[in-house]
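Keep in mind the model is a prediction, meaning the values are calculated, not measured. In this chain, residues are counted from 1 in sequence order.
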Amino acid sequence: MIADSIDELEKIKKECRKMVTKRAAASGGAALVPFPGTDIFADVSLLLQLLPAINKKFGLSEEQLAGLDSEKKSYIYGIITSVGSKMIGRIITKEIVLQVLKKVGIRLATRQAIKFVPFIGQGLAATLSFTAMKYVGNSHVHDCYEVAKGILLANSGLRGTKTEPTV
């Protein structure tokens, strides 16, 4: 379920960022494979695992939210909407992941093009892949953190201010 304190939320955020870094490294490694499309397939597969895992850590997976009464669920979805995330409290599908990857599409298109430049191209592609995955993952961690923090503060009767993402 959702954390009981800001300290616990910070701990969850830190754990999730470690997960993101590991998956970003795997994405960078996949970009080193010289076959076209392998890296995109790897990114989709990694995000299909990573995004639901982050949701679950914060207590914001679809299954976790489905068990709440309708009033709490409505309130939480209101916070999710205010954060602007389409990936919290939902089943993460291939289509959703592809939409997210389109947002970082310039990096992905560049990665595909430079991949074929001998030696340095693969290194640059791996770097772009790592940073794109890290950006997507950490943005999702930030959104989940903001939603969980909003719920926590509302439950304790406090008001919080929205923080900027630290990617």
Side-chain angles (χ1 to χ4, degrees), residues 1-33 38-65 76-112 114-115 122-153 160-167:
M1 241 8 228
I2 295 171
D4 295 327
S5 68
I6 293 291
D7 289 339
E8 190 177 337
L9 260 182
E10 289 293 332
K11 182 180 173 189
I12 293 168
K13 181 167 91 171
K14 189 175 181 179
E15 290 171 10
C16 288
R17 285 181 177 249
K18 285 181 183 179
M19 277 194 317
V20 168
T21 300
K22 287 179 184 177
R23 301 291 168 87
S27 175
L32 293 172
V33 177
T38 307
D39 48 352
I40 299 294
F41 177 75
D43 287 351
V44 170
S45 297
L46 289 167
L47 286 172
L48 282 171
Q49 296 168 6
L50 178 65
L51 299 175
I54 292 169
N55 285 344
K56 193 168 188 163
K57 284 263 190 197
F58 279 100
L60 298 170
S61 70
E62 184 195 31
E63 303 88 34
Q64 290 164 315
L65 295 180
I76 290 171
Y77 279 110
I79 295 173
I80 291 169
T81 301
S82 73
V83 167
S85 176
K86 294 181 178 161
M87 298 181 292
I88 300 174
R90 300 173 126 196
I91 293 176
I92 306 297
T93 64
K94 182 179 169 184
E95 289 75 24
I96 291 173
V97 169
L98 290 172
Q99 286 177 348
V100 170
L101 288 175
K102 282 181 186 176
K103 288 183 180 181
V104 290
I106 294 171
R107 290 180 182 176
L108 297 175
T110 304
R111 179 178 73 192
Q112 290 297 314
I114 65 172
K115 196 175 201 178
Q122 286 181 318
L124 288 173
T127 301
L128 284 172
S129 188
F130 176 85
T131 57
M133 182 65 72
K134 189 133 171 127
Y135 174 79
V136 170
N138 282 339
S139 292
H140 187 61
V141 169
H142 174 75
D143 290 347
C144 286
Y145 177 84
E146 288 298 324
V147 170
K149 181 178 163 188
I151 295 165
L152 180 65
L153 293 175
T161 58
K162 188 170 181 177
T163 60
E164 291 301 313
T166 53
V167 179

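With sequence neighbours excluded, the residues forming a side chain to side chain contact (heavy atoms under 4.5 Å, CB included) with I6 are L9, E10, Y145, K149, L152, listed by chain and number. The side chain to side chain contact (heavy atoms under 4.5 Å, CB included) search around K94 returns V44, L98, not counting sequence neighbours.
Once rounded to the nearest 0.5 Å, the distance linking NZ of K56 with SG of C16 reads 12.5 Å. How far CG of N138 is from CZ of R17: 4.5 Å, rounded to the nearest 0.5 Å. Residue I91 holds its CD1 atom at 14.0 Å from CG of L51, rounded to the nearest 0.5 Å. Between K13 atom NZ and H142 atom NE2 the span is 8.0 Å, to the nearest 0.5 Å. One finds the CG atom of D43 at 11.0 Å from the CG atom of L48 (value rounded to the nearest 0.5 Å). Note that OG1 of T131 and CE of M133 are 10.5 Å apart. Values are rounded to the nearest 0.5 Å.
Here the shortest heavy-atom pairing between A25 and F130 reads N-CD1, 3.5 Å.
A 4.5 Å side-chain heavy-atom check between E146 and I79 finds every atom pair outside the cut-off. At a threshold of 4.5 Å between non-hydrogen side-chain atoms, the residues N55 and I92 count as touching. Proximity of L65 to I80: side-chain heavy atoms (C-beta onward) are separated by under 4.5 Å at one or more points.
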TODO: Determine, step by step, whether C144 and H140 satisfy the side-chain contact (heavy atoms from CB on, under 4.5 Å) criterion, reporting the C-alpha distance in whole Å, the side-chain angles of both residues, the deciding distance to 0.1 Å, and the verdict.
DONE: CA-CA 6 Å; C144 286; H140 187 61; 3.5 Å; yes
Open item on the list: Walk me through whether I96 and T93 qualify under side-chain contact (heavy atoms from CB on, under 4.5 Å).
Closed with: CA-CA 5 Å; I96 291 173; T93 64; 3.4 Å; yes
Task: Pair V20-I54, side-chain contact (heavy atoms from CB on, under 4.5 Å): steps then yes or no - done: CA-CA 9 Å; V20 168; I54 292 169; 4.0 Å; yes
- [ ] For I151 and L60, run side-chain contact (heavy atoms from CB on, under 4.5 Å): C-alpha distance rounded to whole Å, both residues' side-chain angles, the deciding distance at 0.1 Å, then the answer.
- [x] CA-CA 11 Å; I151 295 165; L60 298 170; 4.1 Å; yes
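Judged by distance alone, the side chain of S27 and the main-chain N or O of R23 form no donor-acceptor pair under 3.5 Å.
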